[in-house]
J.: 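Can you keep this structure in mind? I'll have questions shortly.
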Amino acid sequence: MKLNKRAEVLRVIDTLSGQYLKGKVRAIRLAVITLLSGGHLLIEDIPGLGKTTLALALARALGLSFGRIQCTSDLLPSDITGLSIFDRDENRFRFIQGPIFNNIVLTDEINRAMPKTQSAMLEAMEERRVTVEGSTYPLPEPFLVIATQNPVEQIGTYPLPESQLDRFLITTGVGYPPVEVEKSIIQTGSIREEIRHIEALLSLEDITEAKRVVREEIYLSAKVTDYIFALVAATREHAFILSGISTRGGINLAAAARAAAYLEGRDYVVPEDVQTVAVAVGAHRLILRPEQEGLGKEEVLQSIVKSLPVPLV
Amino acid sequence: MVRVSSLLNLLSYAAAALGVAPLFLYLDLPVRFALPLAFAAGIFCDRRRRYPLSGGSATLLSIVCFFLYAVQISRDHLIEPVVNILALLLAVRLVTEKNGRNYLQLFVLAVFALASSSLLTLSAAFFIYLVLLVTAVTVGLVLLSFHAVDPHLVFSRLQSRRIIGISLTLPAISLVLMLAFFVILPRTQYPLWNFLNPAATATAGFSEEVRPGSFAGIAAVKEVALRVESERLPRDELYWRGTVLNTPAGSTWVRQPPPSGEMARIRGGRAIPQTIYPEPKPGNHLFALDVPRGVEGLRSFQAGDYIFRARGALDRRVKYTAVSVVGGEFESTGPVDRDFYLAVPPRLSERVRQVAAGIAARGAGAGDRITLLEAFFANQQLEYATTDLPASDDPVDEFLFEKKRGYCEFFASSFALLLRLSGVPSRLVGGYYGGEYNEMGGYYLVTEDTAHVWVEALVDGRWLRLDPSRLARNAAASLLAPRAQGLNAGRRLLDTVDYHWNRAVVAYDLARQLQLLQQTNRQLRQFRVPFALPTVGGYLLAGIVGTIALVALVRRGRYSREERILQVFLRGVRKKHHLEAIPAATGLQELAKQLDDPVCREFAEIFGRGVYRDRKLTKEELKMLRVLIRKLGKTPRDRGFAGR
């Protein structure tokens with residue numbers, strides 16, 4: 001059994017986590033899983049932990065084009081999608097592509113943008129094309145949005161509603177690096193400069209091929225499907241949860257589990273793959289009951305996963 | 001969910017009930033009342049978990065109960081007080097709070113109670129009680145070991161079922177052993193204590209003398225007197241002859257040895273062979289259908305009036321055979337001492353003498369006089385009754401002319417007396433009349449309440465059986481009907497069981513069993529196969545084997561090969577890594593990772609490749625998995641269950 005391009009993908013993860021982004025292997029893996037399953041990533045963490053660095057490094061290592069949007073309250077939809085300007089030479093309107101026309105789009109502080117802008121952005125993420133003034137422009141393939149938001153600072157923000165959050169395949173934090181790593185980072189300073197010199201380890205074709213393998217060659221058995229469904233159903237019936245994981249959440253869970261299995265080198269999904277991605281894929285989709293809001297969504301989902309029997313046979 | 005304490009409560013009540021039940025009838029009345037109350041109070045207290053009786057006061061109460069009966073203990077009166085003490089201690093334990101020690105005491109007391117019941121009575125029911133009690137106590141002790149660790153333990157339904165199932169194997173195995181020992185070990189035929197000290201109970205039913213007027217009333221007891229295996233007989237013939245009372249002494253008839261030289265023979269008629277099982281009781285009369293020609297199977301002696309008595313007391317279970325003649329002639333062959341059979345007590349009322357004189361004057365022969373006397377009895381409108389009886393010094397006079405009611409003793413003794421007065425030699429015969437045929441066992445069950453007395457009169461050198469009780473105006477309703485009633489269906493069934501128990505178990509005799517075996521062997525050799533037995537046997541065998549195979553297949557079919565091999569693997573993993581249980585939410589890969597066990601990892605790989613690809617495992621894969629499982633057993637454990 002040979003999984004095409006797996007070695008190359010793993011090399012990206014190894015290189016990034018070993019040389020540049022030390023101690024962030026989980027976030028990198030989740031990012032790669034997101035990419036391979038064709039979803040988008042939301043990184044929720046306080047500023048200064050390397051969210052942007054992560055996105056930048058990933059774009060470099062993957063050899064993909066990179067665009068960046070810094071969200072503010074006065075950011076307009078056209079600032080993202082681009083706009084038509086009149087070309088006097090040719091005497092017609094010419095469409096100038098916005099930053100979204102890149103393979104990897106880093107949307108910093110997405111909760112600072114106005115709802116109108118947010119929804120334009122999310123629409124593009126879902127549809128994978130942009131319609132401006134009657135013309136539809138397809139977005140490049142692969143297309144990965146890495147959005148970040150600061151969960152602590154709430155003044156002057158427009159928090160993403162759960163329905164919008166549902167469009168992100170995976171939500172994750174970055175977390176503080178391990179003590180030793182952090183010390184060396186403090187000593188040597190930011191690695192933004194080094195990142196510029198990361199060489200592309202994968203070609204566009206490699207990524208497309210890897211995505212195809214994940215989609216077509218990783219087998220999702222009926223048992224694991226049942227398990228995913230049981231997990232989704234359990235979130236809907238849980239006493240603490242007002243609204244559980246949606247059907248889209250289930251689809252995403254399956255896709256992410258496929259990608260996780262691919263990274264593990266298996267051409268079939270085992271329940272452990274689902275368990276690996278369950279919290280990252282599912283937690284942000286839950287709406288807890290008002291009286292239980294003090295609890296973390298991750299913890300609630302983790303407890304459900306821990307209590308759900310795994311199909312062994 | 002089942003609490004271990006509630007299971008234990010249930011078992012201790014069951015054990016207590018089983019221990020006390022066979023004793024119950026032997027207990028004193030207050031104790032009989034106290035026991036059900038204790039049961040009710042105990043259950044009530046257990047429900048509310050509040051116990052009015054503290055440990056100290058319970059001990060005090062136990063000591064009081066103990067002394068209450070301990071002072072009654074004497075050499076002649078030993079078992080009853082002990083039994084009552086046991087029952088009272090049990091009652092006290094039932095109402096106190098139940099902790100481990102108290103449960104244990106309850107079980108021990110129940111076992112003692114049941115054991116002591118074997119001193120008083122011995123019946124087939126004891127075996128059932130024993131089996132149930134052993135089962136309850138064994139399961140109880142197993143649960144008690146759980147209770148000792150944590151009294152608030154709660155079992156899931158599956159757990160409790162499993163625990164009880166496993167603990168049931170203990171009594172099951174011991175029962176098999178019991179049955180094995182049963183064949184070899186000697187056993188008693190008597191209730192242990194009652195045998196040593198014969199019960200001083202009043203003899204209801206058959207007695208050795210007839211004393212009309214000694215009781216104001218008699219109560220009928222439906223206790224088994226004897227069981228007689230024989231063919232079915234007409235009801236009118238069911239006279240079971242036991243003794244002849246030939247001498248009136250005052251108002252009491254007793255037996256004197258018949259005059260020497262008296263001889264009789266039985267001619268003609270139909271011979272009826274019987275096998276008779278008398279219930280153990282004092283006395284040595286051997287009963288048989290009227291008139292018995294001979295008795296065998298027991299050392300006995302025969303009197304000239306065809307009365308048979310055993311040489312020893314019949315206080316244990318015995319059996320004997322007898323051949324009786326129905327419809328024959330009971331002919332006196334030797335010289336008959338007429339004076340002996342005409343003797344009357346000196347004190348007789350004038351009225352009685354007048355009646356006798358009238359009959360003697362009118363009737364020429366013995367036959368005529370009997371007819372006349374029967375007519376007189378019928379004319380007197382006598383009533384058969386067991387209450388409000390004549391009880392004066394002269395019961396015959398009072399019976400015939402005043403009260404005109406009485407039971408068989410009055411009828412028979414009056415009749416015999418009048419016969420003697422009118423010159424017809426006569427005597428009383430004591431025995432039983434009636435009996436119910438048990439179809440299931442093929443035997444007559446004769447109960448004590450059918451004890452009867454009738455008359456034999458010498459007519460032309462032949463002894464004739466006369467039953468004056470039949471001359472009562474209500475004979476059909478009072479004398480015949482109750483004797484036709486017998487036992488109800490339930491008791492009849494129980495009696496059949498008891499009968500077979502006595503035959504097969506109590507009267508069990510290894511030598512006889514071997515004899516029976518040899519006999520069976522002989523019969524088998526002579527046995528001709530009526531049809532193709534080998535073929536039928538073959539089909540039968542094939543059917544049994546097929547059923548077993550089918551059951552095994554269905555059982556296997558319930559689990560797929562994958563499930564079975566997984567079970568074996570998980571058992572091996574649990575054993576190797578000393579895990580109590582593997583969480584249901586842990587997959588195989590995760591398990592391997594946590595245990596850091598390469599064998600587990602390999603198993604998970606191969607197993608998952610099949611299972612999570614929705615296909616059956618191939619033969620090679622199964623083989624590899626089996627190899628891995630074997631390896632699992634061999635490789636030493638290197639690390640614990642990390643992170644757990």
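Order of the sequence lines fixes the chain letters, A, B, ..., with proteins taken first and strands second; residue numbering starts at 1 for each chain.
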J.: Taking ring pair (Phe, Tyr, Trp, His ring centres under 6.0 Å) as the definition, give me every residue that meets it alongside His284(A), ordered by chain and number, with sequence neighbours left out.
T.: none
J.: Under a 4.5 Å heavy-atom cut-off, does chain B meet the side chain of Leu308(A), its backbone, both or neither?
T.: backbone
J.: Would you mind reporting whether Val611(B) and Leu312(A) have side-chain heavy atoms less than 4.5 Å apart?
T.: no
J.: Contact part of Val270(A) toward chain B, heavy-atom cut-off under 4.5 Å: side chain, backbone, both or neither?
T.: both
J.: Which donor-acceptor pairs sit under 3.5 Å apart between chain A and chain B?
T.:
from: Tyr219(A); atom 1: OH; to: Asp614(B); atom 2: OD2; distance (Å): 3.2
from: Ala222(A); atom 1: N; to: Asp614(B); atom 2: OD1; distance (Å): 3.4
from: Ala222(A); atom 1: N; to: Asp614(B); atom 2: OD2; distance (Å): 2.6
from: Lys223(A); atom 1: NZ; to: Val611(B); atom 2: O; distance (Å): 3.2
from: Asp267(A); atom 1: O; to: Arg613(B); atom 2: NH1; distance (Å): 3.4
from: Asp267(A); atom 1: OD1; to: Arg613(B); atom 2: NH1; distance (Å): 2.9
from: Asp267(A); atom 1: OD2; to: Arg613(B); atom 2: NH1; distance (Å): 2.6
from: Tyr268(A); atom 1: OH; to: Glu605(B); atom 2: O; distance (Å): 3.2
from: Tyr268(A); atom 1: OH; to: Arg609(B); atom 2: N; distance (Å): 3.4
from: Glu272(A); atom 1: OE2; to: Leu588(B); atom 2: N; distance (Å): 3.0
from: Glu272(A); atom 1: OE2; to: Gln589(B); atom 2: N; distance (Å): 2.6
from: Glu272(A); atom 1: OE2; to: Glu590(B); atom 2: N; distance (Å): 2.8
from: Gln275(A); atom 1: NE2; to: Ala585(B); atom 2: O; distance (Å): 2.8
from: Val310(A); atom 1: N; to: Ala584(B); atom 2: O; distance (Å): 2.8
from: Pro311(A); atom 1: O; to: Tyr612(B); atom 2: OH; distance (Å): 2.5

J.: Can you say whether Ile565(B) sits under 4.5 Å from chain A via the side chain, the backbone, both, or neither, judging by heavy atoms?
T.: neither
J.: For Glu180(A), enumerate each residue passing the salt bridge (Lys or Arg N to Asp or Glu O under 4.0 Å) test, keeping only those at least two apart in sequence or located in another chain.
T.: Lys183(A)
J.: Chain A heavy atoms under 4.5 Å from Leu566(B): which part of the residue, side chain, backbone, both or neither?
T.: side chain
J.: Show me the pairs that pass salt bridge (charged side-chain N to carboxylate O under 4.0 Å, His left out) and involve residues 235-257 of chain A, at least two apart or across chains.
T.: Glu126(A)-Arg248(A), Asp166(A)-Arg248(A)
